[in-house]
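To keep things clear, I will list the structure first and then write my remarks on it.
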Amino acid sequence: MTERTDVVELLKAQHTRIRDLFDEVANTKGEERKRHFHDLVRLLAVHETAEEEVVHPFARRNIDGGEQVVKDRIAEEEKAKEVLTRLDDMDTDSPEFLDQFTALRQDVLAHAENEERYEFAHFGSVADRGKLVNLARAVQAAEALAPTRPHPGTDTALKNVATGPVAAVIDRTRDVVRKAMS
Ligand SMILES: [Fe+2]
Ligand SMILES: [Fe+2]
């Protein structure tokens, strides 16, 4: 990613990273799986929140039929966040985890494809590259504000840094982004 990366390139690269992390979780076990899942949860929470605060509002205002396209995407995101929250409380080596994780992976990858096809594909015809580069900067700024969560197994020094459920990471990210943009 460079200074001149536009928002579509940025979000597609994040979709690729999300897809890779899903594979890494599926293909590992134990501590390693926990670590990959932890990274996936944070990336998804931050990515989806930045989309909801920065990208979807742009799409809603600018693309043809934007209202409905965005409504459908947000419904997909809400569903994914619910499953993610449930998974976050589960033992990552349990069969229930793998079942729900597999379903989530399908849903999230379908969601990313829907975004690329029905939403992002129209950006180039409603905004010039400069605008899309600025939007990418806004997404990156939003993501940089998101709280971090300590990795599982790291100890006390980090205990105060935004530990807690997925929902809290999402809420806090949304709050700081909204404050920064107001
Ligand atoms: Fe999304
Ligand atoms: Fe996305």
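Remember, it's 1-based here, ligands and their atoms both numbered in the order they're listed. These figures come from a predicted structure and were not determined experimentally.
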Q) Any idea which N/O/S atom from His15 gets closest to the Fe ion (ligand 2)? A) NE2
Which donor-acceptor pairs under 3.5 Å do the side chains of residues 124-135 make with protein atoms, sequence neighbours left out?
| unit_1 | atom_1 | unit_2 | atom_2 | d |
| --- | --- | --- | --- | --- |
| Ser125 | OG | His122 | O | 3.0 |
| Asp128 | OD1 | Gly130 | N | 3.3 |
| Asp128 | OD1 | Lys131 | N | 2.9 |
| Arg129 | NH1 | Asp6 | OD2 | 3.1 |
| Arg129 | NH2 | Arg4 | O | 2.4 |

Q: Just the protein N/O/S atoms under 2.8 Å from the Fe ion (ligand 1), please, no waters.
A: Glu48 OE1, Glu51 OE1, Glu77 OE2, His111 NE2, Glu115 OE2
Let me check something: any side-chain donor-acceptor pairs from residues 72-82 under 3.5 Å, sequence neighbours excluded? List them with distances.
| unit_1 | atom_1 | unit_2 | atom_2 | d |
| --- | --- | --- | --- | --- |
| Asp72 | OD1 | Gln68 | NE2 | 3.0 |
| Arg73 | NE | Glu76 | OE1 | 2.9 |
| Arg73 | NH2 | Glu76 | OE2 | 3.0 |
| Glu76 | OE1 | His111 | ND1 | 2.7 |
| Glu76 | OE2 | Asn114 | ND2 | 3.0 |
| Glu77 | OE1 | His56 | NE2 | 3.3 |
| Glu77 | OE2 | His56 | NE2 | 2.8 |
| Glu77 | OE2 | His111 | NE2 | 3.1 |
| Lys79 | NZ | Asp107 | OD2 | 3.0 |
| Lys81 | NZ | Glu52 | OE1 | 3.0 |
| Lys81 | NZ | Glu52 | OE2 | 3.3 |

Q) Do the non-hydrogen side-chain atoms of Leu98 and Arg33 ever get within less than 4.5 Å of each other? A) yes
Q. Is Leu21 linked to Val46 within one hydrophobic cluster, defined over Ile, Leu, Val, Met, Phe, Trp and Tyr using a side-chain heavy-atom separation of less than 4.5 Å?
A. no
Q.
Looking at Asp23 and Arg105, is there a salt bridge between them, counting it only when a charged N and a carboxylate O are closer than 4.0 Å?
A. yes
Using a 3.5 Å cut-off and no angle test, enumerate the donor-acceptor pairs between side-chain atoms of residues 140-147 and protein atoms at least two apart in sequence or in another chain.
| unit_1 | atom_1 | unit_2 | atom_2 | d |
| --- | --- | --- | --- | --- |
| Glu143 | OE1 | Gln14 | NE2 | 2.7 |
| Glu143 | OE2 | Gln14 | NE2 | 3.2 |

